[in-house]
Amino acid sequence: MKKNNKPSKGENNTVLLLIACCAIIICVILVLIINRTLRRKDVDKDVSVVNDETEAATEAPTEGTTAEIIDISVEPVELNDELYGYIDTLNTNLRNYFDENYDSGKLLTVYGYMYDAETNLPIEAETIYGGEVPEVLKDVNILYIKSGDFDYIENIENLDIDYDMTDESLSPYTSILTTEGYLISSDKYAGGILSEDDYRTLIMRYSCYHGDITAPDESSNDYARIYSLISKEWGNSYTPDIKYMSVDSKYGIAVANILEDPTDFKEFLFMKSGSSWAVRSKVLVNKDNVKQYINEKYPDFDLALLPSYDLSQYNDFKTDLYGYYEDIVSLTDLGITEDDLPAVYCLYSSNFIYYEFAESKRVLGYVDESGALTFYKVNSVSEAAATMSSLSDNPPLFILKFS
């Protein structure tokens, strides 16, 4: 007779209870693990944001926050007659330095601080003072701001400093943290004290970070709206060729010429309001120092928006260069025949000639230092740009036909 191994009803209940308890414990553990993972993800998100901001501030002086541009480790100095004497000397020398260097176009304002455009570094007191800087001035800042912007200080009625609220020109000032607050002064103004909050308010009027800088895609709304404004400048009879476009959330820059006359260039500055753009300047191509010109009119403009070239430095544009057709056709490697002539597009500047013939056949010419002209077959605009970059530093890529 077989032994009965079937568990009793009581044993069944015990087993089921144990299984249920195990299931509950496992569920609790899973919930804890999931919650911990989610919290870990949130922490990781926060850390990644901080890292991105820190890297951006390190890479470009035009980005950051007042926490980064106001050094909280600076110790305040005593506000006394000795300090005023040193500051007076510094302000007098600063005015002389400003007068001597202004016409060079090297002086820029970045977050309200005076920068050297050639070195991309702030102007230090050592450069201005003329000799060894007194220890009390070791943390002084050289500012480059508009007198009219003092009017935006919330506690302006308590500011013991004369200012012209209509003055829209940038002027040199000094600032230093004292036991009473930030002493702001210049060779014109004896000085006034700003609280830390008011000092931040003043400096942030010059914040030039307005979101990431991008080159709008041709399918984007920003590109379409800016292109429409550019087209209106020449009229319906002309076809603009966009050479360069760069925007952030407030400003935009575009360089263009027209296919009907490739030598006719314009460089535009745009300002954004909501989703709309408006032309703020279309004379940049005529300015000897575009960077300085924009910086003075729009001190919160991020200069990184500008192209690497300055169009005002190029005045040798030529087009319709038929004289080289015979040479181009004779060089069979270029793939140009008599049937491809004349060129659809041709532009010369700064030792480079760019031709585009029928069926998008392209030829690039380069005149080297010895005066020898060499032609290159290029299959695309990007290949032409790469070839130009291999032949010269900062070549005039704007001569290429992008449309």
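The chain is numbered in sequence order, starting from 1.
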Donor-acceptor pair, side chain of Arg225 and main chain of Ser276, under 3.5 angstrom:
no
Do [X] and [Y] have side-chain N/O donor and acceptor atoms under 3.5 Å apart?
{"X": "Glu78", "Y": "Thr178", "answer": "no"}
{"X": "Thr214", "Y": "Asp212", "answer": "no"}
{"X": "Tyr355", "Y": "Arg362", "answer": "no"}
{"X": "Ser186", "Y": "Asn91", "answer": "no"}
{"X": "Asp197", "Y": "Ser195", "answer": "no"}
{"X": "Tyr345", "Y": "Thr319", "answer": "no"}
{"X": "Ser147", "Y": "Ser171", "answer": "no"}
{"X": "Asp222", "Y": "Ser220", "answer": "no"}

Given the rule in the side-chain contact (heavy atoms from CB on, under 4.5 Å) test, do Lys291 and Leu108 qualify, once you have shown the distances and angles that lead to the verdict?
CA-CA 8 Å; Lys291 187 177 289 188; Leu108 302 173; 3.6 Å; yes
Plane angle bin for Tyr298 and Tyr251 - parallel if under 30°, tilted between 30 and 60°, otherwise perpendicular:
perpendicular
Can you classify the ring geometry of Phe270 versus Trp277 as parallel (below 30°), tilted (30 to 60°) or perpendicular (above 60°)?
perpendicular
Side-chain heavy atoms of Lys106 within contact of Glu118, under 4.5 Å
yes
Do the non-hydrogen side-chain atoms of Val110 and Asn295 ever get within less than 4.5 Å of each other?
no
Partner residues of Pro396 under the side-chain contact (heavy atoms from CB on, under 4.5 Å) criterion, sequence neighbours left out
Tyr314, Ser350, Phe352, Met388, Phe398, Ile399
Tell me every residue that passes side-chain contact (heavy atoms from CB on, under 4.5 Å) with Tyr84, counting only those two or more places apart in sequence or in another chain.
Leu79, Leu183
So, for Val378 and Val363, which heavy atoms are closest and what is the spacing to 0.1 Å?
CG2-N, 4.1 Å
Restricting to non-hydrogen atoms, name the atom on Lys401 and the atom on Lys243 that form the minimum distance, rounded to 0.1 Å.
CA-NZ, 4.1 Å
From the list Asp241, Leu284, Ile258, Leu347, side chain to side chain contact (heavy atoms under 4.5 Å, CB included) with Phe265 holds only for Leu347
Partner of Met114 under side chain to side chain contact (heavy atoms under 4.5 Å, CB included), chosen from Ile123, Thr127, Leu143:
Ile123
dist Gln313:CD -> Asn394:CG (nearest 0.5 Å) comes out at 11.0 Å
Just how far is it from atom CD of Glu326 to atom CD of Glu338, taken to the nearest 0.5 Å?
8.5 Å
Does the distance from a Lys or Arg side-chain N to an Asp or Glu carboxylate O, for Lys250 and Asp300, drop under 4.0 Å?
yes
Lys282 and Glu233 ion-paired at < 4.0 Å
yes
Picking from Tyr97, Tyr206, Phe98, what satisfies ring pair (Phe, Tyr, Trp, His ring centres under 6.0 Å) with Tyr144?
Phe98
Quick check, are the ring centers of Tyr111 and Tyr209 under 6.0 angstrom apart?
no
